[in-house]
Amino acid sequence: MATIYQSTSALHYRKAVQQQQEQRKSSASPPPDQLLAQISTNVAVIVKCPQEAGCLAHRRLPSLSNFIHQVYTKSRMTPTLLVVALIYLERLQTKLPSGSQGEFDTPYKLFLASVVLASKFLEDSYPVARSILKVVAPVYSAAEISVMERSFLGVIKYDLFVKLDQVCQFVQEHGEPLSVLELDL
């Protein structure tokens, strides 16, 4: 009897895992273009950066909007994760001194740090964070992303907690394009 029960519960568990994987695949497409455009715009204006790539590594980077789109689709992020990342970016912008400057790839790093931190905040396990690391591995190492996270956390003073009503308020404040999204809350 115990063997049958274990087999049945294992079967239910496998089905539940398969359903979650299917939901994750379907929730990642199609990408919310307006939200991706907004995060691209927001991250690009946080700090002043050179418009031209100086070193070879920077020249290999795609455009910021293309980079964000690729990371979003390949790592199967959710719209909610992007909204939380946008909230983190707003917090960062309020904490930085005006006239802050960075390198050509600083917006890329800010985006990565915000989405990795948002994924760690929203999930008990880190499948999205791991997939982000895999997607950007040719450009940034795990150690570099870890430094990005720690730097980001230092500036925002580890203020990661986001309430559901803050997400809803953020969506309402940023107009129709964001409010149309079905957030997975």
Side-chain angles (χ1 to χ4, degrees), residues 17 20-29 31-32 35-96 100-162 167 184:
V17 169
Q20 288 176 346
Q21 289 172 346
E22 289 172 16
Q23 287 174 348
R24 175 166 282 187
K25 286 179 185 176
S26 67
S27 69
S29 57
L35 184 58
L36 292 173
Q38 182 171 358
I39 201 165
S40 179
T41 302
N42 287 14
V43 77
V45 299
I46 291 176
V47 294
K48 293 180 185 176
C49 300
Q51 295 299 314
E52 293 184 21
C55 67
L56 180 61
H58 292 169
R59 288 186 203 135
R60 290 183 178 165
L61 288 169
S63 69
L64 181 61
S65 59
N66 190 15
F67 178 80
I68 289 171
H69 189 272
Q70 287 178 19
V71 172
Y72 175 83
T73 54
K74 290 181 180 179
S75 58
R76 299 184 179 131
M77 290 183 202
T78 62
T80 304
L81 190 144
L82 289 179
V83 171
V84 172
L86 277 165
I87 291 169
Y88 290 167
L89 289 167
E90 280 189 353
R91 290 177 183 176
L92 178 84
Q93 191 169 20
T94 61
K95 304 280 183 170
L96 285 173
S100 295
Q101 295 186 350
E103 297 177 358
F104 174 79
D105 69 337
T106 299
Y108 296 78
K109 292 178 177 181
L110 293 175
F111 166 73
L112 288 174
S114 68
V115 295
V116 168
L117 291 170
S119 73
K120 289 180 176 182
F121 173 75
L122 293 171
E123 302 172 349
D124 288 336
S125 63
Y126 307 129
V128 174
R130 282 190 211 115
S131 64
I132 292 169
L133 291 173
K134 289 177 186 175
V135 170
V136 301
V139 181
Y140 298 110
S141 69
E144 289 174 307
I145 292 176
S146 183
V147 169
M148 293 175 207
E149 288 179 74
R150 286 193 306 271
S151 299
F152 196 100
L153 285 168
V155 173
I156 65 168
K157 308 283 189 237
Y158 292 81
D159 183 17
L160 292 178
F161 189 75
V162 178
V167 172
D184 56 337

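Since this is a predicted model, take the numbers as computed values, not measurements.
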Checklist entry - Counting distance only, does the side-chain N/O of Ser146 pair as donor-acceptor with the main-chain N or O of Ala142 below 3.5 Å? => result no

Checklist entry - Does any non-hydrogen side-chain atom of Val116 lie less than 4.5 Å from one of Phe152? => result no

Next on the checklist: Treating Ser131 as the side-chain partner and Val128 as the backbone partner, does any N or O pair qualify as donor plus acceptor under 3.5 Å?
Outcome noted: yes

Item to check | Between CG on residue Leu35 and CG on residue Leu86, distance to nearest 0.5 Å | outcome: 6.0 Å

Checklist entry - Shortest non-hydrogen contact from Leu64 to Pro107? => result CD2-CB, 3.8 Å

Checklist entry - Do Tyr108 and Val136 have side chains that get closer than 4.5 Å, going by heavy atoms? => result no

Checklist entry - Tell me, do Val162 and Arg91 make a side-chain contact under 4.5 Å, heavy atoms counted? => result yes

Next on the checklist: When you measure from the side chain of Tyr126 to the backbone of Ser119, do you find a donor-acceptor pair of N or O atoms at a distance under 3.5 Å?
Outcome noted: no

Checklist entry - With side chains defined as the heavy atoms from C-beta onward, is the minimum distance between Ile68 and Val43 less than 4.5 Å? => result yes

Checklist outcome for this item: In terms of heavy-atom contacts, Pro50 and Glu103 come closest through CD-C, 3.8 Å

Next on the checklist: To the nearest 0.5 Å, what is the distance between CZ on Arg150 and CG on Leu153?
Outcome noted: 9.5 Å

Checklist entry - Which heavy atom in Lys134 sits nearest to a heavy atom in Pro138, and how many Å separate them? => result O-CD, 4.1 Å

Checklist outcome for this item: Closest non-hydrogen atoms of Pro32 and Tyr72, given as atom of the first, atom of the second and distance, are CD-OH, 3.1 Å

Item to check | Nearest-0.5 Å distance that lies between atom CZ in Phe67 and atom CG in Asp105 | outcome: 9.0 Å

Checklist entry - Given Met77 and Ile132, is the side-chain contact (heavy atoms from CB on, under 4.5 Å) satisfied, shown in steps? => result CA-CA 9 Å; Met77 290 183 202; Ile132 292 169; 3.6 Å; yes

Checklist entry - Say you draw a straight line from CG of Leu133 to CD1 of Ile145; how long is it, rounded to the nearest 0.5 Å? => result 4.5 Å

Item to check | Distance (rounded to the nearest 0.5 Å) between Leu89 CG and Leu82 CG | outcome: 10.0 Å

Checklist entry - Is there a side-chain contact between Glu90 and Thr94 (heavy atoms, below 4.5 Å)? => result no

